Amino acid sequence: MSESTQTPADETGYSVFDIQDKWLPVWDELRPFASGKAGDTRPKKYVLDMFPYPSGDLHMGHAEAYALGDVVARYWVQKGFNVLHPIGWDAFGLPAENAAIKRGLDPRGWTYDNIEQQRSSMRRYACSFDWDRVIRTCDPIYYRWNQWLFLEFYNKGLAYRKNSMVNWCPSCQTVLANEQVVGGLCERCDSAVTKKALTQWFFKVTEYADRLLDDLDSLEGNWPSKVLTMQRNWIGRSNGADVKFVVEGRDEPVIVYTTRPDTLFGATFMVVAPDSALAAELVSDASLLEGDGNSIQTAFAEYLDGVKKANDIERLATDRPKSGVFLGRYAINPINGERLPIWTADYVLADYGHGAIMAVPAHDQRDLDFARKFGLPVRVVLETGEADPIETGLAAAGDGVLVNSGPLNGLEKAEAINAAITFLSKEGNGEAAKNFRLRDWLISRQRYWGTPIPIIHCDSCGEIPVPADQLPVELPAAEGLDLSPKGTSPLGAATDWVNVPCPKCGAPAKRDTDTMDTFVDSSWYFLRYLSPNSTDVAFDPAEAAAWAPVDQYVGGVTHAILHLLYARFFTKVLFDLGHVNFEEPFTRLLNQGMVLMNGSAMSKSRGNLVRLSDQLDEHGVDAIRLTMAFAGPPEDDIDWADVSPAGSAKFLARAWRLANDVEASRNIGASVSGSGDAAVRKALALFLRDFSANIENFKFNVGVAKVMELVNVVRKAIDGSVGAADPAVHEAVEEIAKALSLFAPYTAEDMWVKLGNQPGVALAGFRVADESLLVENSIVAVVQVDGKLRDKFEVPVDISEDALRQLAFDSALVTRAIGDKTVANVIVRAPKLVNIATK
RNA sequence: GCCCCUAUAACCCAAUGGCAGAGGUAGACGACUUAAAAUCGUUUCAGUGUCGGUUCGAGUCCGACUAGGGGCACCA
């Protein structure tokens, strides 16, 4: 063991490193956190930490997350609950493959080695995990059920393949889900994401958009409001209308989505997305185009080319000037028969609504910018009191009364929206509609280290699901496969694996070579913990009924959208399929902050990396865990430069010495009589009352402070006239050990045994506060004059208002403060306070 | 540009609308020690980012502003 601030020469004998070595093997025997004991009558509590990705050993971020999750889990154990607190590994994914490519390692071996290292670190870190329920998503016994779920989704029409423009990371050489593109950059490697037309697998998450949004209301108060807001924004529901515009020379009308059907009279042109099928079709026949058809086709082709080249970062820049091309075609406004020119511009997105809009420049900033650039007309149809948009360049976005709008004139905006929809519906020209910002979830990836998609492609039968009895479709060995990214799946080269007979007709067919997004794995793992080794079912419904949903989820806010949205989606699908009886997977959510160093995220390149293993070697496990809990509110970031693990270690030694002193006093046979010191008993009762509330409200830092307070009280008692042999002291130190078991399990266990107990402080159970000690006979009342404190004195708790008022006016200090001023008002809040207002 | 969160002592942080300090760090002093460390004890330090409002009373509620952090951002 390396140098430590805890000198082993500490004459009292406290050595964090010795007690770590001492208790770990004992706990391995005791298994205090086994949750599957037969006949366990304790009430259940499912506490879940987000499982780690095995990218190396644990780091400071893990240390915080698992320390805080452990406080919650161990708290409920102390409260007498049968706590399910499992752990596993999110073991598929690119880093394993990248390591394989870079260092010539097998992704399998690399992954399992890292898992072993993390598992061993978690054991030393004293995480209260139930080690009988470990899962690894890269085990065939796990991902087999990914495939089963995929087929359940497929059979329900919730998994489908389509060709579309998808996000493409040129560095990872794979497609990305919308959620994995952050500000136009790849979430994983920060490369600029481009678009590519590919046939890919999707999960139809949009079909659940309404429920995913509406059910967030039921989580209000139990999830951080920040996460709820982010999910609401991401789903992005908007209400409006679909409006049919007849296009000259086209049989089918074009449908346009708008949130402002009230401004239909203000539409002066139409815009279609350049990369939409509609745009291509509209210009395909040169003879239909107004003016020189050929030059319009050329201009469009050039424009489309430029749009395709632009990446998302350029496209998302809001200050970018508008661009576009006139397509030489016209649409008819259904509300007034006006002829509107059709343009194409990249501010209209192909995959939102119908890829086409009606432009109302007077009341929409984007349309106004476009109209001003290309000299298109602007017509105000809503009197908002704002200046003329043509003059100011600012669209009139406010509310008001309709003008220039035929039958809608005089109506308020809200009324006009309804009236317009009614009018359109009657004519068959439109209807109310809603749209979502959320897109379907692209789940196929062109990489090796993932779950194979269980579909076989047959020339004559098409897509055929792999029959259930042939699952799992196991990944072929990586050996001999070129894993380097090249835009197509490495699995395509595993010819023995790829070529299979069609399950339906027996003709030669090929397996789908893509693998699933790893977010599929993590969308249901909380259910797999309930029957982690089952080969018959993904999860046992009886176990699910007994344990699920998760009562308390703990993890980083980085997953606020991705993982949490997908897991919610899966849960709702599983509910609809009759596999679970709840619709929200995580009843309560705690997001812990990050661990920083000197104000910024730790990283090797910044040179501010703090290694967890160094910290553990220097201060011991308990001190680091305690530091994490004590640093501040759990959702706040911890700056490691601001905290003092040495201070935590010092406190733990101080607490430990209390137990040591009590033990010593017992050994010398000090006589014990009575129920012990009243002041210590009262301090203990106060502590018991406050501590539980603090932990349940995630105020771990305050909870720790309460333990420190009690330690200080007991220290004084021992050093003073009360002494270490006092029964109240003994009792208080036992409670300190139990409370500390949430934060510093080694120290707590050692204290507990020193006090004469069998090992197992984690299961000891908190004492109940003695209510009779909390009843106060007297209280200090304060007297304010004009809000300023002037006197205070002790009064009986049941003092009457009149008596207290009298006492206040009897006070010389008070009368002096009043002086010659007139008393205007006297507020009496018996027994605590009197406030005398003067004028 | 829009929305949300935060602002208390040198530092990290507490405080059901009722005495601004629970706890810790750092500092100072003392005890113990030949000395130092450790330990124990004592102790300094703010009127709560700014301005205004509600109230008998505001760190706490309301409004505006400043600073920091986060989210969303051509979604029709």
Side-chain angles (χ1 to χ4, degrees), chain A residues 5-7 9-12 183 224-234 236-238 240-241 256-260 263 271 273 315-320 322 345-349 351-360 363-367 369-370 435-439 557 560-561 593 599 626-627 630-633 635-639 641-648 650-651 653-654 657 690 694 699 701-712 715-716 719 780-792 823-829 832-838:
Chain A
T5 51
Q6 304 308 306
T7 124
D10 182 339
E11 62 271 22
T12 56
S225 52
K226 179 182 171 181
V227 175
L228 296 176
T229 305
M230 285 170 74
Q231 293 228 352
R232 288 189 179 111
N233 285 343
W234 187 262
R237 180 166 57 198
S238 85
V256 148
Y257 173 72
T258 178
T259 54
R260 297 292 305 277
T263 62
V271 187
R315 200 183 59 76
L316 287 175
T318 46
D319 52 353
R320 205 161 62 104
K322 291 282 179 290
D346 64 0
Y347 78 91
V348 175
L349 309 176
D351 61 353
Y352 185 81
H354 307 281
I357 63 156
M358 65 177 209
V360 184
H363 305 290
D364 182 288
Q365 191 60 48
R366 296 154 302 183
D367 296 342
D369 293 344
F370 193 83
N435 258 301
F436 297 91
R437 191 184 168 284
L438 181 73
R439 308 293 151 88
V557 74
I561 298 174
L626 185 72
T627 301
F630 186 53
E635 58 275 13
D636 289 2
D637 291 344
I638 298 173
D639 194 323
D642 289 336
V643 297
S644 171
S648 299
K650 196 167 104 181
F651 162 71
R654 189 172 151 83
R657 279 195 302 273
D690 296 341
N694 287 331
K699 296 164 101 168
N701 54 328
V702 184
V704 172
K706 296 286 179 209
V707 183
M708 290 172 166
E709 207 177 342
L710 186 58
V711 165
N712 290 342
R715 180 79 262 160
K716 279 198 174 78
D719 291 347
V780 174
V782 301
V783 184
Q784 299 173 333
V785 177
D786 293 324
K788 286 203 176 84
L789 178 71
R790 292 303 180 189
D791 198 7
K792 52 173 121 179
V823 174
N825 194 5
V826 181
I827 311 294
V828 183
R829 292 281 176 271
K832 279 159 58 182
L833 171 135
V834 178
N835 189 16
I836 300 163
T838 65

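Chain letters run A, B, ... following the sequence lines, proteins first and then strands; every chain starts at 1. Please read these numbers as outputs of a predicted model, since none were measured by experiment.
When the P atom is compared between C45(B) and A31(B), the two are found 23 Å apart, to the nearest whole Å. Look at the C1' atom in both U16(B) and G57(B): the space between them is 16 Å, to the nearest Å. Taking atom C1' in both G63(B) and A22(B), the straight-line distance is 32 Å, to the nearest Å. Comparing G70(B) with C56(B), their P atoms sit 42 Å apart, to the nearest whole Å. Here the separation of G59(B) from G17(B), taken at their P atoms, is 13 Å to the nearest Å. A gap of 31 Å separates the C1' atoms of G23(B) and U66(B), to the nearest Å. Rounded to whole Å, the separation between the P atoms of A14(B) and A9(B) comes to 13 Å. Only the C1' atoms considered, A67(B) is 15 Å distant from C51(B), to the nearest whole Å.
Using Watson-Crick or G-U wobble geometry with both donor-acceptor distances under 3.5 Å, U39(B) finds its partner in A31(B). Across all strands shown, A22(B) has no partner, as no Watson-Crick or G-U wobble contact with both distances under 3.5 Å is found. Across all strands shown, C2(B) pairs with G71(B); the Watson-Crick or G-U wobble distances both stay below 3.5 Å. Under the Watson-Crick or G-U wobble criterion, with both distances below 3.5 Å, A9(B) has no partner in any strand shown. Under the Watson-Crick or G-U wobble criterion, with both distances below 3.5 Å, C51(B) is paired with G63(B).
A sub-4.0 Å separation between OP1 or OP2 of C40(B) and a side-chain N or O of Arg654(A) is present. Between Arg657(A) and the phosphate of C40(B), there is a side-chain N or O to OP1/OP2 separation shorter than 4.0 Å. Using a 4.0 Å cut-off, some side-chain N or O of Ser238(A) falls inside it from OP1 or OP2 of A76(B).
Within 4.0 Å of Asn712(A), counting heavy atoms only, lie sugar-phosphate atoms of the nucleic acid but no base atom. At a threshold of 4.0 angstrom between heavy atoms, the contacts of Phe651(A) with the nucleic acid are absent. Ala631(A) comes within contact range of the sugar-phosphate backbone alone, with a heavy-atom separation under 4.0 Å but no base atom that close. Thr229(A) comes within 4.0 angstrom of no nucleic acid atom, judged by non-hydrogen atoms across all strands. As judged by a 4.0 angstrom heavy-atom cut-off over every strand, Asn435(A) is placed among residues making no nucleic acid contact. Residue contacts shown for Val348(A) include a base, since a base heavy atom lies under 4.0 Å away. Within 4.0 Å (heavy atoms only), Lys699(A) reaches sugar-phosphate atoms of the nucleic acid but no base atom. Within 4.0 Å of Gln784(A), counting heavy atoms only, lies at least one base atom of the nucleic acid. Arg439(A) comes within 4.0 angstrom of a nucleotide base, judged by non-hydrogen atoms across all strands.
In this structure, CE of Met230(A) is placed 18 Å from P of C3(B), rounded to the nearest angstrom. As a whole-Å value, the separation of Arg237(A) CZ from C72(B) C1' is 18 Å. When the P atom of G18(B) is taken as reference, atom CG of Asp791(A) falls 20 Å away, rounded to whole Å. Counting to the nearest Å, the P atom of U25(B) and the CZ atom of Phe630(A) are 8 Å from each other. Between Arg829(A) atom CZ and U16(B) atom P there is a gap of 18 Å when expressed in whole angstrom units. The nearest whole Å value for the distance from the CG atom in Asn694(A) to the P atom in U16(B) is 11 Å. Whole-Å rounding puts the Asn825(A) CG to U55(B) P distance at 12 Å. The OH-P distance, from Tyr347(A) to A76(B), rounds to 13 Å in whole Å.
When each of Asp636(A) and Ile836(A) is assigned the nucleotide of RNA chain B bearing its nearest heavy atom, the one mapping closer to the 5' terminus is Asp636(A). Comparing Val834(A) and Ser648(A) by the nucleotide of RNA chain B that holds the closest heavy atom to each, the one mapping nearer the 5' end is Val834(A).
Minimum atom distance to the side chain of Asn835(A) is reached by G18(B), of the listed U25(B), G18(B), C72(B). Closest approach to the Leu833(A) side chain among G41(B), G18(B), G71(B) is made by G18(B) (side chain taken as heavy atoms from C-beta onward). Comparing C56(B), C12(B), G41(B) by their closest approach to the side chain of Asp642(A) singles out C12(B). In the set A14(B), G18(B), A76(B), A76(B) carries the atom at the smallest distance from any side-chain atom of Ile357(A). Of all nucleotides listed (A76(B), C11(B), C56(B)), A76(B) comes nearest to the side chain of Tyr352(A). Comparing A14(B), G18(B), C74(B) by their nearest atom to the side chain of Val702(A) picks out A14(B). Considering only side-chain atoms of Lys650(A), the nucleotide from C74(B), U25(B), C19(B) that sits closest is U25(B). Among the nucleotides A22(B), C56(B), G24(B), the one closest to the side chain of Met708(A) is G24(B). Checking U42(B), G23(B), A76(B) against the side-chain heavy atoms of Ala705(A) singles out G23(B) as nearest.
One cannot find a donor-acceptor pair under 3.5 Å joining the base of U42(B) and the side-chain atoms of Lys716(A). Taking 3.5 Å as the limit, the base of C72(B) and the side chain of Asn233(A) contain no donor-acceptor pair of atoms between them. The base of C19(B) sits with one of its N or O atoms less than 3.5 Å from a complementary donor or acceptor on the side chain of Lys792(A).
For the pair Asn701(A) and Pro633(A), the minimum side-chain heavy-atom distance is below 4.5 Å.
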What verdict does the side-chain contact (heavy atoms from CB on, under 4.5 Å) test give for Tyr347(A) and Ile357(A), after you've listed the backbone C-alpha separation in whole Å, the side-chain angles of each residue and the deciding distance to 0.1 Å?
CA-CA 10 Å; Tyr347(A) 78 91; Ile357(A) 63 156; 3.9 Å; yes
One pair to check against side-chain contact (heavy atoms from CB on, under 4.5 Å): Asn233(A) and Thr229(A). What are the steps and the verdict?
CA-CA 6 Å; Asn233(A) 285 343; Thr229(A) 305; 3.9 Å; yes
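Taking CG of Asn435(A) as the start and NE2 of His354(A) as the end, the distance is 6.0 Å to the nearest 0.5 Å. Considering CH2 of Trp234(A) and CD1 of Ile561(A), their distance stands at 5.5 Å, rounded to 0.5 Å.
For G47(B), the base is syn relative to its sugar; the glycosidic angle is within 90° of 0.
Without hydrogens or angle criteria, Asp367(A) side chain to Val360(A) main chain gives a donor-acceptor distance under 3.5 Å. Between the side chain of Asp639(A) and the backbone N or O of Gly599(A), at least one donor-acceptor pair lies under 3.5 Å.
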